[in-house]
Protein chains: 2
Amino acid sequence: MAKYKEVANEIRKRIKSGIYHSEEKIPDQESLAKEFGTSRVTVKKALDLLSVAGLVYTIQGSGTYVKKNAVNLAEQSIKIGQNVGLTAAAGERLELKTEVLDFNVRFPDEEECNQLSITKEEPVYDIKRLRILDEKPYSLEHTIIPIALAPNITKEILNRSLYDYLQGDLGIVFGDNRQTVRAVKPDDNDKKYLHCSNEDPVLEVSKVMFLERGTPLEYSVVHHRYDMVEMSFINVSREGLLG
Amino acid sequence: MAKYKEVANEIRKRIKSGIYHSEEKIPDQESLAKEFGTSRVTVKKALDLLSVAGLVYTIQGSGTYVKKNAVNLAEQSIKIGQNVGLTAAAGERLELKTEVLDFNVRFPDEEECNQLSITKEEPVYDIKRLRILDEKPYSLEHTIIPIALAPNITKEILNRSLYDYLQGDLGIVFGDNRQTVRAVKPDDNDKKYLHCSNEDPVLEVSKVMFLERGTPLEYSVVHHRYDMVEMSFINVSREGLLG
DNA sequence: TAGTGGTCTAGACCACCCT
DNA sequence: GGGTGGTCTAGACCACTAA
């Protein structure tokens with residue numbers, strides 16, 4: 001592991017364990033460099049990581065300080081854009097199941113061509129799955145994937161884990177993703193599979209997942225039951241980025 | 001402006017203008033350093049910025065490449081967590097208005113103490129505002145702010161812009177924020193002010209805004225009309241961060 | 001094996017905060 | 001003016017890719 005990451009982890013450990021208190025100024029970069037037997041540039045790089053992680057802030061000419069909410073952030077460590085509704089709602093063991101409702105191959109429609117940057121002649125998988133938690137259905141996933149990018153998907157794979165197959169077996173590395181969240185009225189499928197009444201709202205999340213190189217891999221629209229899923233995310237302020 | 005930012009902006013300009021094409025390898029760091037009359041470390045720092053911005057990716061031992069979707073990202077430049085529904089929906093000029101429904105001072109309840117890290121004895125402002133776009137109400141904001149952190153708020157300020165007052169007049173610098181999004185059923189106020197029917201879902205966004213130092217400044221719960229607001233955000237994958 | 005990115009150092013200078 | 005963070009350099013070595 002790179003030295004600046006080691007230094008960052010050590011300092012993070014000290015913050016979490018209270019050796020560096022909340023709101024307190026931590027030693028200056030020169031001292032830290034001497035303590036860790038490294039150069040100041042390396043210490044600076046470590047502190048930058050912690051700054052992006054929201055644990056510390058620096059004031060030029062004054063010093064580096066532990067943020068008031070640093071411990072909270074360090075503990076919850078919510079990944080940006082990740083669904084936390086489920087894990088939060090479920091304290092104990094719970095039974096997660098997936099039911100494959102539909103698994104087809106076809107040509108993409110206009111919206112899908114647009115989202116996935118493909119032509120109308122490049123076939124895609126069309127996958128509909130129902131997610132079930134402790135016998136209660138909580139979300140309905142509609143996933144579109146170009147066949148060329150993820151060949152040989154089978155129903156058996158979908159019953160296990162699609163992401164495990166893509167990452168593990170195919171060795172695909174995910175990159176960025178873009179999501180849009182809306183509240184919508186339930187459609188027929190929501191009523192049928194999620195047991196939504198006419199008055200039950202639905203949390204709709206559209207997502208495009210990109211590969212490391214920027215190629216769109218997957219376009220999905222997921223409908224969540226309003227009373228079982230929420231989405232949380234943390235926006236870290238970044239001043240130093242571009243102009 | 002720092003040299004590494006200048007270099008980053010210049011390279012970004014070249015990507016946007018097509019001088020460096022999508023999927024193409026850009027010159028190696030040594031060459032760029034020579035061209036810009038700087039050191040390789042500085043070029044590396046510039047490329048790191050562009051990498052975080054999602055414009056390029058690097059493969060150690062191979063080179064630095066322009067992402068396939070780089071131009072899209074560069075153009076839309078959606079700030080993470082920002083509402084884009086409105087600007088997207090409105091092509092032309094539109095009239096934005098704010099109506100102050102309620103403006104009070106009181107002691108916080110338990111939830112508010114929790115979110116704002118304050119005691120029950122620290123008074124807060126309780127603000128309810130209605131946002132109106134072209135005569136159509138689209139969101140209902142409930143905002144809680146500790147008086148100690150933002151003194152002398154007046155109804156007149158709320159009619160103009162609260163954020164302008166906080167940032168401009170008080171010189172407050174915002175830091176991170178944490179948001180949670182849900183779909184909920186409309187309550188009485190939604191029906192009254194947003195003209196929601198029983199079957200109209202509501203997009204509820206809870207937000208805690210922190211100051212630079214990690215102090216919670218504002219806790220807000222906003223209800224959006226489902227047919228006028230959506231939220232988009234981009235998750236940039238970061239592999240290099242911590243372990 | 002050559003090319004390229006990732007990391008690290010020591011020293012330097014500047015900008016800013018605080019007293 | 002002393003303390004501290006921000007930036008920059010030149011050179012070095014290592015890790016990885018690609019042929």
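Here is how names work: the chains are called A, B, and so on, in the same order as the sequence lines, proteins then strands, and each is numbered from 1. We use all heavy atoms of the structure for the numbers below, so side chains are in, but hydrogens, waters and symmetry mates are not.
A sub-4.0 Å separation between OP1 or OP2 of C:dT4 and a side-chain N or O of B:Thr58 is absent. A:Lys45 has no side-chain polar atom (N or O) that falls below the 4.0 Å cut-off from OP1 or OP2 of C:dC8. Using a 4.0 Å cut-off, no side-chain N or O of A:Lys44 falls inside it from OP1 or OP2 of D:dG5. For A:Tyr4, no side-chain nitrogen or oxygen approaches OP1 or OP2 of C:dC8 to under 4.0 Å. Using a 4.0 Å cut-off, some side-chain N or O of B:Thr42 falls inside it from OP1 or OP2 of D:dT9.
Salt-bridge check for B:Arg160 with B:Glu156: passed, with a basic side-chain N closer than 4.0 Å to an acidic carboxylate O. Using a cutoff of 4.0 Å between basic side-chain nitrogens and carboxylate oxygens, A:Glu23 and B:Arg213 are not scored as salt-bridged.
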Interface polar pairs with nucleotides 13-19 of chain C, N/O, under 3.5 angstrom:
unit_1 : atom_1 : unit_2  : atom_2 : d
C:dC17 : O4'    : A:Gln60 : O      : 3.4

With a cut-off of 3.5 Å and sequence neighbours excluded, list every side-chain donor-acceptor pair involving residues 49-65 of chain A.
unit_1  : atom_1 : unit_2  : atom_2 : d
A:Ser62 : OG     : A:Tyr65 : OH     : 2.5

Donor-acceptor pairs under 3.5 angstrom involving side-chain atoms of residues 165-175 of chain A: please list them, not counting sequence neighbours.
unit_1   : atom_1 : unit_2   : atom_2 : d
A:Tyr165 : OH     : A:Pro151 : O      : 2.7
A:Tyr165 : OH     : A:Asn152 : O      : 3.4

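At a cut-off of 3.5 Å, with distance as the only test, a side-chain donor of A:Asn177 or A:Gln179 sits close to an acceptor on the other residue. For the residue pair B:Tyr163/B:Glu218, the side-chain donor-acceptor check at 3.5 Å is satisfied.
Residues satisfying the side-chain hydrogen bond (donor to acceptor under 3.5 Å, both in side chains) test with A:Glu10, not counting sequence neighbours, are A:Arg14.
Contacts between residues 25-38 of chain A and DNA chain D, counted as heavy-atom distances below 4.0 Å, involve A:Asp28, A:Gln29.
One atom, NZ of A:Lys3, and another, P of D:dA15, lie 14 Å apart when rounded to the nearest Å. Taking atom CE on A:Met1 and atom P on D:dA15, their separation rounds to 15 Å, with Å as the unit.
Residue pairs meeting the salt bridge (charged side-chain N to carboxylate O under 4.0 Å, His left out) criterion with at least one partner in residues 44-58 of chain B, sequence neighbours excluded, are B:Lys44-B:Asp48.
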